[in-house]
Amino acid sequence: MARVVVDVMLKPEILDPQGQAVQRALPRLGFDGISDVRQGKRFELEVDGPVDEAALTRIHELAESFLANTVIEDFTVKVEEVTEAAK
Amino acid sequence: MARVVVDVMLKPEILDPQGQAVQRALPRLGFDGISDVRQGKRFELEVDGPVDEAALTRIHELAESFLANTVIEDFTVKVEEVTEAAK
Amino acid sequence: MTARIGVVTFPGSLDDRDTQRAIRIAGAEPVALWHKDKDLKQVDAVVLCGGFSYGDYLRAGAIARFSPVMEPLIEQAKAGLPVLGICNGFQILTEAHLLPGAMLGNDHLHFICRDQKLRVESANTAFTSDFVAGQEIHIPLKNMDGRYVADARTLDMLEAEGRVVFRYLDFNPNGSLRDIAGITNEAGNVVGLMPHPEHAVEPLIGTGRTDGLPFFTSILKKLVNA
Amino acid sequence: MSRTPLDTVEHAAATPDVALPWAELGLKKDEYERIVEILGRRPTGAELAMYSVMWSEHCSYKSSKVHLRQFGEKAPQSDALLVGIGENAGVVDVGQGYAVTFKVESHNHPSYVEPYQGAATGVGGIVRDIIAMGARPVAVVDPLRFGAPDHPDTKRVLPGVVAGIGGYGNCLGLPNIGGEVVFDACYQGNPLVNAGCVGVMRHEDIHLAKASGAGNKVILYGARTGGDGIGGASILASETFDDAKPSKRPAVQVGDPFQEKLLIECTLEAFAEKLVVGIQDLGAAGLSCATSELASNGSGGMTVVLDDVPLRDSTLSPEEILMSESQERMCAVVEPGKVDRFLQICEKWDVIATVIGEVTDGDRLEIFWHGEKIVDVDPRTVAHEGPTYERPYARPSWQDALQADDAGKLPRPETAKELKEQVLQLVASPNQASKKWITSQYDHFVQGNTVLAQPEDSGMIRIDEKTGLGVAIATDGNGRYAKLDPYKGAQLALAEAYRNVATTGAKPLAVSDCLNFGSPEDPAVMWQFAEAVRGLADACQQLGTPVTGGNVSLYNQTGEAAIHPTPVVAVLGVIDDVARRTPVGFQEDGQLLYLLGDTREEFGGSAWSQVVHDHLGGLPPEVDLERERLLAEILISASRDGMIDSAHDLSDGGLIQAVVESALLGDKGARLVVPDGLDAFTFLFSESAGRAIVAVPRSEEVRFNDMCGARGLPATRIGVVDGDSVDVQGEFALSLQELREAHEGTIPALLA
Ligand SMILES: Nc1ncnc2c1ncn2[C@@H]1O[C@H](COP(=O)(O)OP(=O)(O)O)[C@@H](O)[C@H]1O
Ligand SMILES: [Mg+2]
């Protein structure tokens, strides 16, 4: 079993009020030095069987037709390493 | 300028209605072979200045205290490569 | 003879009964359609009502759009069947690409419920012929994802073709581009809007206004006179 | 991952000396010994799990029970009461064959830990109580208390709670028609999130939580069972009982309102086809509660096969499954011949449903796991025969000094200018300010039957389209009054809710309550609790409105500091025709304003004393329940006979607060004259109970005055609806615009 991650972010030209709300809160939390925040969605898909070219193509289709609305969102598909990235 | 990504996911033992809704819809879309879907949030932070140990520590704190509610969510902090991952 | 107007119930639909009531009050016959139905029971028009179909968990309307009932609906809407999408129904129509653009979360990030003032920009659709263009009306609005967006070219096209049907007045409750509250397709048979006309059909209920009734009388007249 | 050997009933009987972690599960030594005595052996781990959750304060009411009995003992004779205390919720006859069920519950602590999910699942829980009675839920209300408005944590808790209540209730399609928002530093670490729900059914549809009829099937349906809210039980799941590893089981539950919406629809469909013999929602204590209550309320026993419970997490132990508090689950008892149809309906709604057990003709609740019996108990001992405490209580030593600190001695405004400034200060203060920023996040219109919603005095829902029959509900509670005198404070809460219902034209019928207090182990808190219950029971008796159910939330305290005693009271009323309802907002210029009731110099616990002097002391306003009843009768008659066009009850903030609210809501000003015998300050700010203002069309003035005169209710003409300012003649005038900015600006500025 393998994990495929689909990240979906609003297109850059679309207003992202959630990201902005986070950014606006930063100074209050004593944070500076962050010039922009965007908030999007992350989908973790557990795939049965091998994640080969065919599987990725299908997941790409899934992302395009369903997980993202490409009128407003961009997406990326990645196969996740088994070991988690550093915390 | 560099980009740091904070991924926030519900802890595995916590119910994820959103992920489940997606998963339940897959067969209807003609998709099978995906045994689990979890949906979380992805924050892209544009950091001014160098992303050194100190900056990462601060972002880690930010994630812990603000971006995630660690009662129900886990998070990871990653420095993003400048080139986007393959679509 | 009266018109038979279908109201689709998806899992998570909330305003199906209210919409049926509004259709009845207008004098037409409501017909319950179920999301798993594979045909539309020969109705003369369809309303996709408000609610949180499938919890709106992925994006508002995104999962409902793939329901079995949507297949005949999309096909027949393209062939001219009058379809009104209210709130979640509007969201489903954009997800199904029967209407251009997309709906996003309100710019203030909160659910909002209010008595909303609107201007009817077009009386040339199946659901607005009982209004006059320019008329100002009040309709309850309640949504989480009511921000209408589309690229500038699409917006310009909508404006140029007179396809912006409703605009928010005095206050834009969700950050919709160009204050757009509702639009129609090229043929004028598919209309979507965020506010809820079915909650403004009885004098005592809700905000106490009946500005929503003409939506249902418009379509009734059109169908009966057809 | 089951323990070896499985702790079966047989094994427990054979190993009397195994030490069980009863203390870690919150049981006292004598409670554990009682369990051993009941069973005649040590409990199995699974039995211990069940007893420990069911005998907890939350489920067993062990500290409060001795006091709550008064609600039954003193219950007034009421023909309206169809189902009284003890069921999931009480049921009231509202005429024309309709019955209404309603209840208020707390979800305080979870909402502090995770505001959004805590509040959301609070709504989910109360709604399931209402469905379990056989009713379609038609409205929710949400009485809330938060810490100081400017405290940083309030900014975390409040928006999350409000979004959670809205997120869940809106998604279920339940109009939110009322509630409260009160700020006070005493709630800082202990916000109160109470949620109420109203449901409607036909008389014949009333369902009870009981399992009768040997051979009937027990069906669990709804969400899969996960490891939610079972912190304690995981100790039992550890390899050996002494090796209590820290667990990763979540203490916070996540709500799935979509699943709950499906649960509502499929349950109602099953009811409509008369498929259900008994039904119980799964709330606190999950399956332990549902199975033991269903079995003990029925005539027989029950067997349950725990392996058949659909799981979200396959590693759960049987103890954990029994204790899990996963949301959006229900348990139905169905005759064997109807099981297929029941399952079909669930499938139609995509709801998972599984037969997990059967009603037997014995009197034991037996639960099996991997073919072995792990529970064998008399269900009554689990569900109904938990411990009862007579906790010591004593009037606190500080009570006298608090009451002696008379608010009447506080400096009062000396000039008209000061008076005016204090009026503005009052209407802009967080507690008196408009709550629109909050309530506009709730859907008021869904279901298309909302006649009145906030900020009206009570919410009102039409329940019959043809006749216009409707019900009204209001919730109130004033912790400041209750702190000064818990007996009277509770009565004042009832009086206010009762008055709010009557003000809209509905006849008050019945009461639910949510009693929020500090630790019962503190005799001072226990005294507050005892006094509040006594006060509420006495007042309900006198007003003829029985308590039909409610909820107790104790341990709302941080260290030594308890919250103000906060009894929240919900009153349900009925109106024959909603067309006759009376709104708060002024309707028409020229209508005459009347003040009903007597105004005395009563400032103890008042909003004025808090806002202007940050003071809490003295005595709360006097309670005169006969006067409340008379006032209510007049308001109801006047509304029915069309003698008044708007009305507003007077409560915190006094007359000026009420006038400003009516003016802003109707967008019409008022000219007021201070009546003879009153000074302007007392007229405007006193919080004497038993009062309301009404706007009387000139054509009705004589008739209205005659009615009040004949029945002995003081009615004083105090002015007229007019213009676009609130003008207290000879004192000051404030434009509606200035008032609106003050009243509506505060909460957004604090929270947005
Ligand atoms: N949390 C809330 N949810 C829904 N309605 C609320 C809430 N808080 C306040 N309200 C409504 O706002 C109005 C004013 O509240 P309040 O001043 O407490 O009323 P009253 O003093 O008449 O009891 C009422 O209609 C009440 O139901
Ligand atoms: Mg009131």
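Everything numeric here is computed off the predicted structure, so don't read it as measured data. Lettering of chains follows the sequences in order, A, B, ..., and the numbering in each one begins at 1.
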Please enumerate all residues that pass side chain to side chain contact (heavy atoms under 4.5 Å, CB included) together with [X], with sequence neighbours excluded.
X       : result
A:Ser35 : B:Met1, B:Glu46, B:Asp48
B:Asp32 : A:Arg58
A:Val51 : A:Ala2, A:Val4, A:Val47, A:Leu56, A:Val79

- Around atom CD of A:Glu13, are there more than 12 heavy atoms of other residues, nucleotides or ligands at under 6.0 Å? yes
- Query: Can you tell me how far the CD1 atom of A:Ile34 sits from the CZ atom of B:Arg3, to the nearest 0.5 Å?
  - Reply: 13.0 Å
- B:Leu45 versus chain A, the contacting section by heavy-atom distance below 4.5 Å: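 B:Leu45 touches chain A through backbone and side-chain heavy atoms alike.
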- Item | Interface moiety of B:Phe66 toward chain A, non-hydrogen atoms closer than 4.5 Å | side chain
- Among A:Leu67, A:Val5, A:Val37, A:Val8, which has the most heavy-atom pairs under 4.5 Å with chain B?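 So the answer, after comparing A:Leu67, A:Val5, A:Val37, A:Val8, is A:Val37.
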- Message: Minimum heavy-atom separation for B:Phe31 and A:Leu62, please, with both atom names.
- Response: CZ-CB, 3.3 Å
- Message: Is any side-chain heavy atom of B:Lys41 closer than 4.5 Å to one of A:Lys41?
- Response: no
- So do the side chains of B:Arg42 and A:Met9 get within less than 4.5 Å of each other, counting heavy atoms only? yes
- Message: Checking an interface table here. Which of residues 17-27 of chain B come within a heavy-atom distance under 4.5 Å of chain A?
- Response: B:Val22, B:Ala25, B:Leu26
